[in-house]
Amino acid sequence: MRLATWNVNSLKARIDRVVAWLDDVSPDVLCIQETKLAQDKFPHDLFVQLGYESIHYGQGQWNGVAILSKVGIESPRYGLTNDPSGEARAIWATCQGVRVASLYIPNGRSLEDDHYQYKLRWLEALLSDSRLESEQYEAVVLGGDFNVAPSDLDLWDISAFDGMTHVSPLERKAIEAIIEAGFVDLFRQMYKDSGLYSWWDYRNGAFHKKNGMRIDLVLGSQKVSRDMVWALIDRNERKGGQSQARPSDHAPLVIEFDH
DNA sequence: ATGGTCGATGGTCGA
């Protein structure tokens, strides 16, 4: 199975690029974050023309997550069991026997902000659901924008992140807790190098300066980890250019495993 | 190059 996750930063603004990318890469399953679409605005019919069934959990101008699948969608679930807010940040489906989540973890904003405590509560609720789903399914993948760089390898300069979110010990512990619950950071399993990022700020020429972070992850259960074949971050998709529509600030992460 | 993000939105916030 080829599975990808991509924070598109508005599906409406990105639809041409998403369609072209699906045509190029042909993932069996695509987890999308930040659709920024109301529930009734999602282009299910367009994706059907490309061979994909889809489910969407939208709330309008912010957030919004979706799963596209060429191999079926069963047992959809919206949100988290103990969701701290009700924002549209999690959606689940079974695709060809694989339990898939598309996740958009809260940003946190700053360590002093209430939104940071919300982020930590949200990650706790995700840990709880990850355990629940693991009891039901052997193959589980949690794909999404985690808004956490798991280690110092996952950003360009740790000194630029002193006192910032995305790297704080509590956020990293929350990711580590999911890993201790039996999940594996599938991209990191394949590559140990620094400098491999999935997000670059639009501002200050960050992409060209290689000032990025690896905050988009696919966490897989042991079964998926054992069956991994390859992984890649499609950083070409972060490029702009005069002949191309504007990019998202995130690049897609693609994994392939025997299934 | 005396500026330097983007998207939803319709003044300003969120990332």
Side-chain angles (χ1 to χ4, degrees), chain A residues 5-21 31-43 56-66 83-90 102-123 126 143-150 154-157 160-168 170-172 174-175 197-217 233-253:
Chain A
T5 186
W6 190 8
N7 180 326
V8 299
N9 185 18
S10 169
L11 188 56
K12 185 181 175 191
R14 217 67 62 206
I15 189 64
D16 289 349
R17 285 189 82 127
V18 170
V19 167
W21 190 83
C31 302
I32 296 177
Q33 298 85 41
E34 280 207 271
T35 64
K36 295 185 176 177
L37 291 176
Q39 188 65 352
D40 62 346
K41 294 289 196 292
F42 192 85
H56 175 230
Y57 183 21
Q59 70 176 71
Q61 68 189 108
W62 308 122
N63 310 316
V65 285
D83 202 304
S85 74
E87 290 185 316
R89 294 180 176 276
S102 179
L103 306 167
Y104 178 44
I105 281 71
N107 175 285
R109 298 179 187 168
S110 76
L111 298 185
E112 301 77 28
D113 199 299
D114 287 345
H115 203 263
Y116 176 70
Q117 297 303 323
Y118 167 48
K119 180 179 194 175
L120 296 175
R121 287 198 304 277
W122 205 96
L123 283 165
L126 174 61
D145 175 1
F146 281 73
N147 269 316
V148 179
D154 298 316
L155 45 91
W156 78 95
D157 180 4
F161 286 85
D162 192 32
M164 307 283 277
T165 61
H166 295 60
V167 302
S168 73
L170 288 176
E171 288 165 84
R172 286 179 167 174
I175 302 300
Y197 309 133
S198 66
W199 173 86
W200 299 260
D201 202 308
Y202 282 126
R203 294 165 288 191
N204 303 318
F207 183 66
H208 295 289
K209 293 179 191 166
K210 304 187 188 302
N211 292 351
M213 304 178 80
R214 193 177 69 92
I215 56 178
D216 299 275
L217 311 175
I233 296 169
D234 188 2
R235 69 183 295 287
N236 282 333
E237 187 49 48
R238 179 62 178 79
K239 294 179 181 174
Q242 294 180 343
S243 64
Q244 257 185 320
R246 300 183 128 96
S248 169
D249 46 354
H250 296 255
L253 163 60

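Since we're looking at a predicted model, the values are computed, not measured. In what follows, chains carry the letters A, B, and so on, assigned in the order in which the sequence lines appear, proteins first and then strands, with residues in each chain numbered from 1.
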Has A/D114 got more than 12 heavy atoms of other residues, nucleotides or ligands less than 6.0 Å from its CG?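 12 or below, so no.
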Does a sphere of radius 6.0 Å around CG in A/D40 hold more than 12 heavy atoms from other residues, nucleotides or ligands, not counting ones at 6.0 Å or beyond? yes
Syn if the chi torsion is within 90° of 0, anti otherwise; quick check, which is B/dG10? anti
The single option from A/I15, A/V19, A/V18 that satisfies side-chain contact (heavy atoms from CB on, under 4.5 Å) with A/P43 is A/I15
Please classify the nucleic acid contact of A/Y104 as base, sugar-phosphate, or nothing, using heavy-atom distances under 4.0 Å.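 Result for A/Y104 = sugar-phosphate.
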With sequence neighbours left out, what residues match A/R14 under salt bridge (charged side-chain N to carboxylate O under 4.0 Å, His left out)? none
How many Å lie between [atom1] on [X] and [atom2] on [N], as a whole number?
| X | N | atom1 | atom2 | value |
| --- | --- | --- | --- | --- |
| A/F146 | B/dA15 | CZ | P | 17 Å |
| A/M164 | B/dA15 | CE | P | 14 Å |
| A/N63 | B/dG14 | CG | C1' | 10 Å |
| A/R109 | B/dA15 | CZ | C1' | 9 Å |

Side-chain H-bond candidate by donor/acceptor type, A/D145 with A/W199, under 3.5 Å: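 Per modelled atom types, A/D145 and A/W199 side chains form no pair under 3.5 Å.
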Span that lies between the C1' atom of B/dC6 and that of B/dT2, in whole angstrom: 23 Å
Rounding to the closest angstrom, what is the interatomic distance between B/dG14 and B/dG10 at atom C1'? 16 Å
Sequence neighbours left out, what passes ring-ring contact (aromatic ring centres under 6.0 Å, His included) with A/W156? Give chain and number order.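 For A/W156 the ring-ring contact (aromatic ring centres under 6.0 Å, His included) partners, ignoring immediate neighbours, are A/F161.
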Judged by each residue's nearest nucleotide on DNA chain B, which is more toward the 5′ side, A/T35 or A/N147? A/T35
Between the protein and nucleotides 3-7 of chain B, which nitrogen or oxygen pairs are less than 3.5 angstrom apart?
residue, atom, partner, partner atom, Å
B/dT5, O4', A/Y202, O, 3.1
B/dC6, OP2, A/R246, NH2, 3.4
B/dG7, OP1, A/R14, NH1, 3.0
B/dG7, OP1, A/R14, NH2, 3.4
B/dG7, O3', A/S10, OG, 3.3

